[in-house]
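The block underneath contains the structure these notes are about, expressed in structure tokens.
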Amino acid sequence: MNEIKLFAPGTIANLSCGFDVLGLCLDNVGDEMIIRKSKQKGVRITKIVGANLPLETEKNVAGAAALALLENSETDLGFEIEIYKKIKAGSGIGSSAASAAGAVFGINELLGRPFSNKELVYFAMQGEKLASGSTHADNVAPALLGGFALVRSYNPLDIIKIKSPDHLFASVIHPQIELKTSDARSILKKNISLKSAIVQWGNVGGLIAGLYTNDYELIGRSLHDEIIEPARSILIPAFDLVKKSALKSGALGVGISGSGPSIFALSKGEDTTQKVAKIMCEEYDKIDLPYEIHVSKINDEGIKVLNSKS
Ligand code: ADP
């Protein structure tokens with residue numbers, strides 16, 4: 001195989017209670033990438049369509065992640081990467097993660113799969129470090145593995161993939177303001193109280209139990225964020241109103257997608273999800289704020305190969 005075309009999915013990280021340790025993979029929201037072998041060693045980003053992002057390998061998360069993989073490989077080959085951006089950078093839907101995950105997945109396929117998808121998470125994280133200054137895995141892990149991903153431990157890296165309950169869908173609204181992950185991180189306090197920690201880990205456990213047992217009510221009860229949301233939600237226009245209306249329309253739970261500004265809701269069944277999405281849009285229509293809305297089932301596969309050439 002000389003060339004591969006991929007769908008690199010968007011992701012929702014944190015999922016309310018799981019700051020830096022939980023994320024899910026979206027199905028119809030994502031970028032496309034073409035990766036091809038080249039005789040010239042190293043990694044070159046040859047084309048970016050749909051966004052104004054750096055072409056320099058070291059400054060683009062796709063390039064940084066690809067270089068991390070190649071440092072651990074013995075290949076003499078080089079690679080060219082084309083990125084067709086659909087997820088806006090700074091949206092909170094894992095734009096940088098899609099590129100990082102897509103790059104390492106594609107190169108691994110072209111090399112004949114020397115690494116497992118779980119091993120690829122480590123390389124993709126090196127791309128995320130460039131975007132946000134921290135090597136977090138809660139977007140790249142679900143992008144590479146599909147479904148839900150839990151980062152049980154960062155050191156050593158221990159990632160658990162959890163299949164999504166069949167009827168779980170996400171609505172994600174992206175108000176058209178840019179919020180940099182690095183800025184959204186800088187407002188967080190470094191220490192939390194034991195009381196808050198108890199509430200938070202109770203909910204993380206509840207969410208995982210709900211996912212394994214297909215208990216939608218338990219999933220909904222557990223989508224609560226005691227620590228990050230109270231601090232960050234002030235950066236997101238009309239967050240409380242959008243959340244209240246979405247819950248009233250039947251959403252199981254609502255929270256900040258990644259570091260924002262996107263807001264996500266999880267719902268049972270596509271009809272309820274569409275209804276929830278509509279009400280979220282109405283809240284932003286009321287204040288004349290432009291937005292993008294996405295409705296997606298949970299993608300259990302992760303990155304998808306669209307075609308390949310030999
Ligand atoms: P998101 O949460 O949507 O990924 P971030 O703020 O974490 O947004 O990351 C976006 C940052 O990463 C921007 O500063 C952007 O310029 C940088 N970046 C570098 N390469 C890419 C890429 N291929 N895709 C998206 N963002 C990239």
Side-chain angles (χ1 to χ4, degrees), residues 6-15 18-20 22-26 29-35 43-69 79-107 123-144 170 172-188 228 232 235-236 255-264 291-292 294 296 303:
L6 304 169
F7 169 74
T11 42
I12 301 176
N14 297 343
L15 296 172
F19 181 67
D20 271 3
L22 271 175
L24 67 76
C25 188
L26 293 166
V29 185
D31 300 338
E32 285 182 6
M33 297 174 82
I34 295 176
I35 301 166
V43 177
R44 275 164 307 129
I45 316 281
T46 49
K47 199 175 189 183
I48 302 174
V49 177
N52 187 11
L53 292 165
L55 279 163
E56 296 100 307
T57 306
E58 291 79 9
K59 290 190 185 156
N60 192 300
V61 296
L67 289 175
L69 184 156
F79 295 88
E80 292 178 358
I81 303 177
E82 295 179 8
I83 308 172
Y84 298 83
K85 272 275 155 205
K86 304 234 170 82
I87 321 171
K88 290 203 177 102
S91 58
I93 322 175
S95 173
S96 48
S99 290
V104 295
F105 181 93
I107 291 176
F123 304 131
M125 282 167 68
Q126 309 314 310
E128 284 290 66
K129 191 172 177 188
L130 178 68
S132 69
S134 80
T135 44
H136 58 108
D138 48 347
N139 287 110
V140 290
L144 282 161
V172 189
I173 192 159
H174 175 203
Q176 301 293 288
I177 59 163
E178 191 170 340
L179 184 58
K180 289 240 177 286
T181 302
S182 43
D183 294 341
R185 273 185 183 264
S186 66
I187 68 158
L188 300 178
I228 311 294
R232 267 192 184 162
L235 300 172
I236 300 171
I256 302 171
S257 180
S259 55
S262 291
I263 303 172
F264 79 93
Y291 55 80
E292 264 180 15
H294 306 284
S296 173
I303 293 175

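Just so you know, ligand 1 is whichever comes first in the structure, and atom 1 is the first atom listed for that ligand.
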T135/Q126 under side chain to side chain donor-acceptor pair (under 3.5 Å): CA gap, chis, key distance, verdict: CA-CA 6 Å; T135 44; Q126 309 314 310; 5.9 Å; no
Going through the checks in order, is the side-chain contact (heavy atoms from CB on, under 4.5 Å) test met by I83 and K47? CA-CA 6 Å; I83 308 172; K47 199 175 189 183; over 6 Å; no
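At under 3.5 Å, not a single nitrogen or oxygen of S132, backbone or side chain, sits near a nitrogen or oxygen of ligand 1. Checking only distances, A131 never comes within under 3.5 Å of ligand 1, N or O to N or O. For S259, no nitrogen or oxygen atom sits less than 3.5 Å from a nitrogen or oxygen atom of ligand 1, counting backbone and side chain alike.
Checking S96 against E128 by side-chain atom types alone, a donor-acceptor pair falls below 3.5 Å.
A donor-acceptor pair is defined here as one N or O able to donate and one able to accept, closer than 3.5 Å; no such pair exists between the side chain of E178 and the backbone of Q176. Looking at T11, its side chain never comes within 3.5 Å of a backbone N or O of P142 through a donor-acceptor pair.
For atom 21 (C) of ligand 1, the closest heavy atom belonging to the protein is V61 CG2, 3.5 Å. Ranking the protein heavy atoms by distance from atom 8 (O) of ligand 1 puts G90 N, 3.0 Å first. In terms of protein heavy-atom proximity, atom 7 (O) of ligand 1 is closest to T181 OG1, 2.6 Å. If you check which protein heavy atom lies closest to atom 9 (O) of ligand 1, you get S96 OG, 3.5 Å. Ranking the protein heavy atoms by distance from atom 14 (O) of ligand 1 puts K180 NZ, 3.6 Å first. Among protein heavy atoms, atom 25 (C) of ligand 1 sits closest to S95 OG, 3.3 Å.
Residue L53 touches ligand 1 through its side chain alone, judged by heavy-atom distances below 4.0 Å.
With salt bridges taken as basic N to acidic carboxylate O contacts below 4.0 Å, one links K85 and D31.
Between F264 and L15, the closest side-chain pair of non-hydrogen atoms falls below 4.5 Å.
Every atom of ligand 1 is numbered from 1 in the order shown, and the set under 4.0 Å from a heavy atom of S91 is 3 (O). Contact atoms of ligand 1 toward K59: 19 (C) (distance under 4.0 Å to a heavy atom of the residue). Distances below 4.0 Å separate heavy atoms of G92 from the following atoms of ligand 1: 2 (O), 3 (O).
Within the 4.0 Å heavy-atom cutoff, E128 does not count among the residues contacting ligand 1.
Partner E58 forms a side chain to side chain contact (heavy atoms under 4.5 Å, CB included) with one of L67, L130, V43 and no other, that one being L67.
For F123, the ring pair (Phe, Tyr, Trp, His ring centres under 6.0 Å) partners two or more places apart in sequence, or in a different chain, are F115.
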